[in-house]
Amino acid sequence: MSDKLLKIEDLVVHYITDDGVVEAVNGVNIGVDRGKTLGLVGETGAGKTTTALSIMRLIPHPPGKIVSGSIELEGTDLLSLKESRLEKIRGDVVSMIFQDPMTALNPVITVGDQIAEAIMIHQKVGQSKAAQKAREMLEIVGIPGNRAGEYPHQFSGGMKQRVVIAIALSCNPKLLIADEPTTALDVTIQAQVLELMKNLKDKFQMGMVLITHDLGVVAEVCDDVAIMYAGRIVEQGTLEEVFNTVKHPYTEGLFNSIPNIDDRRDKLKPIRGLMSDPYNLPKGCSFYDRCDYAMPVCETQKPPKIHFGETHFVECHLYQEQQDFKLNGGKE
Amino acid sequence: MSEVILQVKNLKKYFDTPRGKLHAVDDINFSIEKGKTLGLVGESGCGKSTTGRVILRLLEATEGEVFYEGVNINELDYEGMRKLRKEMQIIFQDPFSSLDPRMTVSEIIEEPIKLNKIITDPKERFERVLELMDLVGLSRRLMNTYPHELDGGRRQRIGIARALALNTKFIVCDEPVSALDVSIQAQILNLLKELQRKLGLTYIFITHDLSVVNHFSDDIAVMYLGKLIEKAPAERLFTNPIHPYTKALLSAIPRPTLDKKVEKIILKGEITSPINPENNCRFSDRCNHAQDICRASEPPLEEVFPGHFVACHLFKE
């Protein structure tokens, strides 16, 4: 039997606005195995969050529209489900953690009640049982259970994010979608929260989609990596494959843009230019105008998907003729 | 030889709150040489931004002195300060809220030149604006656009051009790249570095991101709860950190590599309250090595190696 928990195929999501159609996601294929973590990496506007929201069918509609594709969770097609069925899945089988813990919590309800709410909706338990479970969940994420009666403003940023994690995990979800869960936190607190998430993932045997722009976080938490650019996955593979044998020029550019803390180089090598306008994506490769390796064919034709082994692939013209093409590591 | 451009002596900034005095900056000392960069790092609430603002006198110091080229700026009157502000500038973190949304790019850059009557002839002034736009890598065709039409990286370039408009010598960069994507972040960092080389600028670079500061600074000062706890040349601080907090901070940075795994030091708890702090080591609640002496008295900042200062009772080398 396959261990696939989540399978997204050819997902296309557009936002239809007065100014035109924003092509946010343009044919994304990703899969998550049980107990594994997929890192979805990309910059602002790459379509990471839109992809994640589509899994929960939370794209604001209008203007958002899932144009085509399929999203299967344990073999069930989420896109064809009725709203009432979806509500049973959200928060129970699939949970989501958002970036900003300050706005994800209700300021006028105690944290204990907010955790208990999720439990009471999805499990047939009474109030006192749910309250007790809520206190247990707080303990699991490292907050004393007796603080269940306090309000969000009485907690610090890191603790609020722990509360959000407690809510997300309260019904033992099979899939957790974490959208930049530590971006708003300080590094020492980020280290605490990442440690916690790793432990809980093992404990609950969840699959996880971790959305982030930070390759350092990916290196620590993920099993597989998908690099997203202008609404497409441009490179995907296991953590080792993507980190040790970078194939796509964009992935290489991302690595070169990060100041390396253990190596004081004089100059960073940024990716020149800006991401293409999603209102008006180029005909060929979306990365064409920023790419140092661009060829004439890149401008006019969509790049093919080239596989290196079973799990590692890129979408790039460079490897079409010669599979063993080597990127030059950003050196002039 | 190298001359000190800015010196901070026993600087304190307390805020009054209903629950007592909030010690945002508590008795810190440092100096910066001309043409160098001092990285000021620490987590939210450690007082790094307040320090930057007190240095520029955007906030009045509670106690202590700031000397800029030998002049005690806390004693200057309004007119004197106005003159000095032409040389001391700031670049803010958020390029979205620090630019007037109703002014065009060229108006924003022109404004300080006009207000300070640096160039009175409108035509010449316009030439200067174009020159500044070239300097920071803003294409001239963007002259008449409004900030909302531009992305974060370009907006930050406007902020930089505005800071440079007055023959600036000293800039406080308060988290200038934190709001930007990594590929854009690298562009702006390279630009700031290049400008420093070209114009001989001196920077205080405030950030929470240690990998950025390592790349950028000559000296690094680490702050914790209003205190300066360690200061050293960048290279030395990264290879040979002494204070337990600096060590934990360095180990906590997620590294984008698979080969070198750094043993993580996970700190207990979170930053404690800066309101009416006790007379102890402020890090003692979270420190894995804390002993009685740490809870009993405050460690002074001592020079343990030429140029390397640490405030810790236990670790001195």
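So you know, we letter chains A, B, ... as the sequences are listed, proteins then strands, and number each from 1.
The neighbour count for B:E278 CD, taken as heavy atoms of other residues, nucleotides or ligands under 6.0 Å away, does not exceed 12. Within 6.0 Å of atom NZ in A:K36, 12 or fewer heavy atoms from other residues, nucleotides or ligands are found, so the atom counts as exposed in its surroundings. Shown here is B:K264, whose NZ atom has more than 12 heavy atoms of other residues, nucleotides or ligands within 6.0 Å. Other residues, nucleotides and ligands contribute over 12 non-hydrogen atoms within 6.0 Å of the NZ atom of B:K268. Within a 6.0 Å radius of NZ in A:K198, more than 12 heavy atoms belonging to other residues, nucleotides or ligands are found.
For chain A, the nearby parts of B:I253 are the backbone and the side chain; heavy atoms of each come within less than 4.5 Å. Using a 4.5 Å cut-off between heavy atoms, A:V217 touches chain B through backbone and side chain atoms alike. At a 4.5 Å heavy-atom cutoff, the contact between A:E43 and chain B is made by backbone and side-chain atoms alike. Contacts of A:L185 with chain B are absent, with no heavy-atom separation under 4.5 Å from either backbone or side chain. Contacts of B:L210 with chain A are made by both backbone and side-chain atoms, with heavy-atom separations under 4.5 Å.
The two residues A:I189 and B:R286 make their nearest non-hydrogen contact at CD1-NH2, 4.0 Å. Residues A:G216 and B:P254 share a closest heavy-atom pair of C-CB, 3.2 Å. Between B:I266 and A:A191, the closest heavy-atom pair is CD1-O, 3.8 Å.
Checked by atom type and distance alone, the side chain of B:Q185 never pairs as donor or acceptor with a backbone atom of A:S257 at under 3.5 Å. Judged by distance alone, with hydrogens and angles left aside, the side-chain atoms of A:D186 form no donor-acceptor pair with the main-chain N or O of B:E43 at under 3.5 Å. Between the B:Q187 side chain and the A:I271 main chain, a donor and an acceptor come within less than 3.5 Å of each other.
Chosen from A:L254, A:D214, A:V221, A:N244, the residue pairing most often with chain B at heavy-atom distances under 4.5 Å is A:N244.
Contacts from residues 143-161 of chain B to chain A, taken as heavy-atom pairs separated by less than 4.5 Å, involve B:D151, B:R154 in sequence order.
With contacts defined as side-chain heavy-atom distances shorter than 4.5 Å, the pair B:H208/A:V187 does not qualify. The shortest distance between side-chain heavy atoms of B:N190 and A:P270 falls below 4.5 Å.
Rounded to the nearest 0.5 Å, atoms CG (B:L258) and CD (A:E240) are 6.0 Å apart. Between atom CZ of residue A:R290 and atom OG of residue B:S183 there is a gap of 4.5 Å, rounded to the nearest 0.5 Å. One distance of note links CG of B:D181 with OG1 of A:T44; it measures 3.0 Å at 0.5 Å rounding.
Ion pairing between a basic and an acidic side chain is recognised when a charged N comes within 4.0 Å of a carboxylate O; B:R255 and A:E220 show no such pairing.
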